[in-house]
Amino acid sequence: MGFQPKSRLLVIVAMGFLFIALQPVAHGRAEGKAEIRGQVTECWEGRHRPVADLRVYVLTMEESEKIRGVLRKMEQLPHGDCPECAQQYVKEFIKLYEELIAETKALGEPKGLTRSDKDGKYVGKSLHTGERYLVLAIDWERDDSSDTIGYYNYSLTDSLPPGVTTLNVYMGPGMDKDCHDN
């Protein structure tokens with residue numbers, strides 16, 4: 001008896017749907033695409049306000065290896081109670097901050113560089129699930145004020161899940177919880 005033309009078409013269409021359904025990579029599900037979105041803020045007169053036009057780097061662990069090394073050194077600087085200790089701390093901090101700027105500039109314009117918009121919002125796109133990222137907000141041009149040495153903050157992510165991860169960056173001063181509008 002054999003297949004009738006309509007039956008053959010039905011089998012071909014069914015096989016096509018089955019083939020497509022079994023190809024998650026072709027639809028982006030297994031590619032592991034993720035995004036990091038957030039807002040960069042600072043505390044001004046007791047309230048959070050957005051920080052516009054700030055460089056925000058969203059870098060893989062490999063891309064950020066040298067930068068993370070400098071950040072670790074900065075965190076490990078000894079604090080002391082004496083005036084000479086404070087002067088030494090500031091001197092060492094400035095030296096390491098200049099190294100951080102140099103390492104950041106050495107990246108050039110990586111695909112992980114974005115800028116915060118007028119509302120302080122940024123987006124790191126086309127990231128991979130399962131990977132960890134360094135999110136570094138920095139602006140060495142804002143260091144000109146007498147009360148600011150090192151306008152930066154950073155965070156390391158956990159392994160990214162698929163979809164959007166929200167990561168807000170607080171630039172200070174002090175701790176985020178100390179800004180009164182929380």
Side-chain angles (χ1 to χ4, degrees), residues 25 27-44 47-77 90 92-179 182:
V25 173
H27 297 291
R29 289 185 302 215
E31 284 181 6
K33 293 298 179 194
E35 285 185 1
I36 297 175
R37 294 175 176 260
Q39 184 178 31
V40 182
T41 59
E42 63 187 1
C43 195
W44 182 257
R47 301 264 181 245
H48 283 94
R49 74 173 181 185
V51 180
D53 200 35
L54 189 70
R55 288 175 187 88
V56 180
Y57 291 85
V58 181
L59 304 169
T60 65
M61 293 293 102
E62 183 179 330
E63 290 172 312
S64 66
E65 186 175 354
K66 290 180 181 178
I67 290 171
R68 287 182 293 113
V70 175
L71 292 168
R72 273 191 298 276
K73 289 179 196 174
M74 292 170 89
E75 287 176 358
Q76 294 169 357
L77 283 175
V90 170
E92 291 297 317
F93 182 88
I94 290 171
K95 179 181 163 192
L96 288 170
Y97 185 65
E98 288 172 357
E99 187 178 339
L100 176 65
I101 292 169
E103 291 296 343
T104 305
K105 286 181 175 180
L107 294 171
E109 297 286 323
K111 70 175 185 162
L113 172 60
T114 184
R115 283 198 176 260
S116 57
D117 66 14
K118 67 179 177 57
D119 297 318
K121 296 183 179 179
Y122 74 93
V123 179
K125 294 183 178 183
S126 299
L127 308 176
H128 297 281
T129 59
E131 285 196 43
R132 296 179 63 217
Y133 288 85
L134 168 73
V135 177
L136 171 66
I138 186 169
D139 195 346
W140 44 85
E141 285 133 9
R142 293 182 193 224
D143 296 336
D144 296 334
S145 68
S146 61
D147 62 341
T148 302
I149 301 172
Y151 196 74
Y152 76 100
N153 205 350
Y154 72 96
S155 185
L156 291 171
T157 69
D158 292 329
S159 295
L160 288 186
V164 176
T165 297
T166 301
L167 196 154
N168 296 321
V169 181
Y170 178 69
M171 299 302 290
M175 303 296 291
D176 185 28
K177 63 182 172 69
D178 297 332
C179 202
N182 284 338

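The figures that follow rest on heavy atoms only: side chains count, while hydrogens, waters and symmetry mates do not.
For the pair I67/L100, a side-chain contact is recorded, criterion being any heavy-atom separation below 4.5 Å from C-beta on. Counting only heavy atoms from C-beta outward, the side chains of C43 and P173 approach each other to under 4.5 Å. Looking at heavy atoms from C-beta onward, L156 lies in side-chain contact with R132 at the 4.5 angstrom threshold. Put simply, the side chain of E42 reaches to within 4.5 Å of the side chain of Y151, judged on heavy atoms. K111 is not listed as a side-chain neighbour of K125, based on a closest heavy-atom distance of 4.5 Å or more. The closest side-chain heavy-atom distance from V123 to E35 is below 4.5 Å. L107 is listed as a side-chain neighbour of L59, based on a closest heavy-atom distance under 4.5 Å. Put simply, the side chain of E63 does not reach to within 4.5 Å of the side chain of Y57, judged on heavy atoms.
The distance from the CG atom of N168 to the NZ atom of K121 is 9.5 Å, given to the nearest 0.5 Å. We find the CG-NE2 distance between L160 and H128 to be 10.5 Å, quoted to the nearest 0.5 Å. Taking CZ from R55 and CD from E109, the interatomic distance works out to 8.0 Å, rounded to the nearest 0.5 Å. Taken to the nearest 0.5 Å, the CD atom of E103 stands 11.0 Å off from the OG atom of S64. In this structure, OG1 on T41 lies 9.5 Å from CG on N153, to the nearest 0.5 angstrom. For the atom pair CG of L134 and CG of L71, the computed distance is 6.5 Å after rounding to the nearest 0.5 Å.
By the salt bridge (Lys or Arg N to Asp or Glu O under 4.0 Å) test, E98 pairs with no residue at all, sequence neighbours left out. Under the side-chain contact (heavy atoms from CB on, under 4.5 Å) criterion, K118 pairs with no residue at all, not counting sequence neighbours.
G130 approaches S159 most closely through the heavy-atom pair O-OG, 3.4 Å. The two residues A34 and T129 have their closest heavy-atom pair at CB-CG2, 4.1 Å. P50 and G120 make their closest contact through CB-N, 3.6 Å (heavy atoms, listed as atom of the first residue, atom of the second, distance). For the pair Y170 and C179, the tightest heavy-atom approach, listed with the atom from each and the gap, is OH-CB, 4.2 Å.
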For this session: Apply side chain to side chain contact (heavy atoms under 4.5 Å, CB included) to I101 and K105, showing your working.
Result: CA-CA 6 Å; I101 292 169; K105 286 181 175 180; 3.7 Å; yes
For this session: Apply the test side chain to side chain contact (heavy atoms under 4.5 Å, CB included) to residues V56 and R115: give CA-CA distance (whole Å), side-chain angles for both, the deciding distance (0.1 Å), then the verdict.
Result: CA-CA 5 Å; V56 180; R115 283 198 176 260; over 6 Å; no
For this session: Report the C-alpha separation of M171 and V40 in whole Å, then their side-chain angles, then the decisive distance to 0.1 Å, and conclude whether the side chain to side chain contact (heavy atoms under 4.5 Å, CB included) test is met.
Result: CA-CA 7 Å; M171 299 302 290; V40 182; 3.5 Å; yes
For this session: Could you walk me through whether L54 and Y122 pass side chain to side chain contact (heavy atoms under 4.5 Å, CB included), step by step?
Result: CA-CA 9 Å; L54 189 70; Y122 74 93; over 6 Å; no
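E92 and Y97 share no donor-acceptor pair across their side chains, judged by distance under 3.5 Å alone.
Judged by distance alone, the side chain of D117 and the main-chain N or O of D119 form a donor-acceptor pair under 3.5 Å. In this structure, the side chain of T157 engages the main chain of Y133 through a donor-acceptor pair within 3.5 Å.
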